[in-house]
2 protein chains.
Amino acid sequence: MSLARDLELRHLTALTAVAETGTFGRAAQRLGYTQSAVSQQIAALERTVGAPLFDRPGGPRPVTLTPLGKILVDHAGAVLERVDAAATDIERFQAGTIGRIDIGTFQSVSTALLPSLLARLRAERPNIEARLVEDDDHEELVRQTIDGHLDVSFLVGDTPADIETIDLIVDPFVVLALPDVVGDDAVPAPLLNDTPLIGEQDSPCQRTVDQGLYAIGVTPDYVFRTSDNSAIAAMVRAGMGMAVVPLLSVELEDPRIAVRHLDPPIPPRRIAIGWRRDRTLSPAAERFIEITREMTAELRDRQLASIA
Amino acid sequence: MSLARDLELRHLTALTAVAETGTFGRAAQRLGYTQSAVSQQIAALERTVGAPLFDRPGGPRPVTLTPLGKILVDHAGAVLERVDAAATDIERFQAGTIGRIDIGTFQSVSTALLPSLLARLRAERPNIEARLVEDDDHEELVRQTIDGHLDVSFLVGDTPADIETIDLIVDPFVVLALPDVVGDDAVPAPLLNDTPLIGEQDSPCQRTVDQGLYAIGVTPDYVFRTSDNSAIAAMVRAGMGMAVVPLLSVELEDPRIAVRHLDPPIPPRRIAIGWRRDRTLSPAAERFIEITREMTAELRDRQLASIA
DNA sequence: ATCAGGCATCAGCTCCACTTATCAACAAGG
DNA sequence: CCTTGTTGATAAGTGGAGCTGATGCCTGAT
């Protein structure tokens, strides 16, 4: 007969119904039961509580709550209200209109992709909360995706088997130069050996660039390094030299800067979005993935159209 | 499958147990069920919610909450906490250590009886809240006792059949006078016809006094009226005249004032405590009634001893 | 490849909760 | 005073829900 053990929500709704209608019969009618059923429910509740909850005056007069009944009704109201809140919350969550998404990302995605993705998500589902964890270390993102800190994460490179991924976009490394020092076609790799270069400060991305250059026989001669992408473009525009950067980080609209492929190319980064395999995603997260696929597909088409 | 309809507390406790232990089996052990039972409970819960709450990786690895499961666990925690609060609250209420008593009273009881009663109640059960409704209209107190606004009420005079009462004390009307103008025995009624009187301002109590005086052949000649009891005593002490007041309102310790019975007496007020018959009283209210009986019994003895 | 640990499923049984029907209590009205 | 209508309680019966115990299947580890 311990209270928390045997208490049932059904009994509490019956209690409030009787308290509000004043008779067992009307309460039963409201709940879709028989009078007998409500009578037994209240009796059961009184048994678990150990004392009467209603005074039954007999005859056609309405029953009234005992002092104990009043107390329990108050609590019942609070409990049922909380349950109701849970119900609507869950409904909305399943409809995808509320929820929280923890997204793993790294710098180029953060600057080039995420703003428009999040803007669209926000426009579509304004009550979804997105949290970003930015880390340029691929392994760290993978780890947090596996242990559940992240719902989804943008990734490059290989991923373990228990991460499921969708390839989004291939981000080639391109050469930024002044239009008059390069032709309309791809830039031949040896040219870079005779040219001062502008680069990022040490970062996983920059290391990928350098390894790629060495692999095609280029020994880069950096005359300037910065962590600011737009500073790189400014340096190139000022004639300081050329730069090898991921296409994603390039503002494509500047006619004073030529964007050219390398020949032979450096292996491009393949950007994907991934999540823990066999873990259920929230509707919100699924929608985010879908939005990401759509918008990167559009971006891919524009990219192909805009580069020589 | 509507949520608020089919949700059961048992399922929620199972949910939190599994979430905390990480496996169905250990959760079952904690709850005193078999693994199969917990499995079925979670399955039932998932059926009412309409989506999985756990990801089961298979093998010896622990199950993990889905995003939906996390949400439901949060709500379950809140609901169960509320239920727990209700349980302890009810337990304490039934033990009589908490609760609220609405007490009906009128002036002479409020000043002469209630302070010590409430002091003792407070000393004994400090967490019981007492609320007073003071009204000198007997009928009003009866009405509020019947409709449930009052748990118990002090009453004088007749009460309807559906009020159950316990007689507490007989409060005689006595004469206040200077010791040297009255003897040691009861004051003969005719004496009052030759004496200026001090009385209360118009009130149900004063009307009872006047009717009583007329009934024994006294036509009162009031030279002063006040609503302040101590002012009446001061006037008598100053030799302005005599007063006829309920004994309860007299501070008995003043040697400069004689307290005498009337001969013949005015019918005294019989003070009782009453409550709605066939309504369950809270343990707190029952204790209050008991305290009142004890202390008024003591008072009665002291009263008998202290008056000629 | 076998083993162990974990959840799902099935069959069976018990017991609970509801319905139907009837009873008892009480108030109101003739 | 008796009748009538309204109310809750109760008994019996039935269907289903929930638990147990056994088994199957999946997965990771030895």
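By convention in this document, chain letters (A, B, ...) are assigned in the order of the sequence lines, proteins followed by strands, and residues within each chain are numbered from 1.
Rounded to an integer number of Å, the gap from CD of Q29(A) to C1' of dG8(D) is 16 Å. Between the C1' atom of dG18(D) and the CD1 atom of I42(B) lies a distance of 14 Å, rounded to the nearest Å. Here dC19(D) presents its C1' atom at 13 Å from CG of L31(B), a figure rounded to the nearest Å. Summarising the geometry, the separation between CD on Q41(A) and P on dA9(D) is reported as 13 Å, rounded to the nearest angstrom. Rounded to whole angstrom, the span from the CG atom of D55(A) across to the P atom of dT7(D) amounts to 18 Å. As a whole-Å value, the separation of F24(B) CZ from dC26(D) P is 18 Å. Rounded to whole Å, the distance from CZ on R56(B) to P on dG28(D) is 16 Å.
For E91(A), there are no side chain to side chain donor-acceptor pair (under 3.5 Å) partners, not counting sequence neighbours.
When atom types are taken as modelled, the side chain of E46(B) and the backbone of L53(B) share a donor-acceptor pair closer than 3.5 angstrom. Side chain of R270(B) to backbone of P268(B): no donor-acceptor contact under 3.5 angstrom is found.
In summary, of the residues considered (D55(B), T23(B), V18(B)), a side chain to side chain contact (heavy atoms under 4.5 Å, CB included) with V63(B) occurs for V18(B) alone.
Residue contacts for T34(A): at a heavy-atom cut-off of 4.0 Å it reaches a base atom on one of the strands shown.
Salt bridge present: E140(A) and R143(A) bring a charged side-chain N and a carboxylate O closer than 4.0 Å.
Checking dT7(D), dT27(D), dC19(D) against the side-chain heavy atoms of P60(B) singles out dT27(D) as nearest. Among the nucleotides dC19(D), dA22(D), dG8(D), the one closest to the side chain of S36(B) is dA22(D).
Using modelled atom types, one finds a donor on one side chain and an acceptor on the other under 3.5 Å when comparing H75(B) with D89(A).
For Q35(B) and V38(B), each mapped to the nucleotide of DNA chain D holding its nearest heavy atom, the one lying further toward the 5' end belongs to V38(B).
Taking every nucleotide of DNA chain C with any atom under 4.0 Å from a non-hydrogen atom of chain A, the first and last of them, 5' to 3', are dA17(C) to dA27(C).
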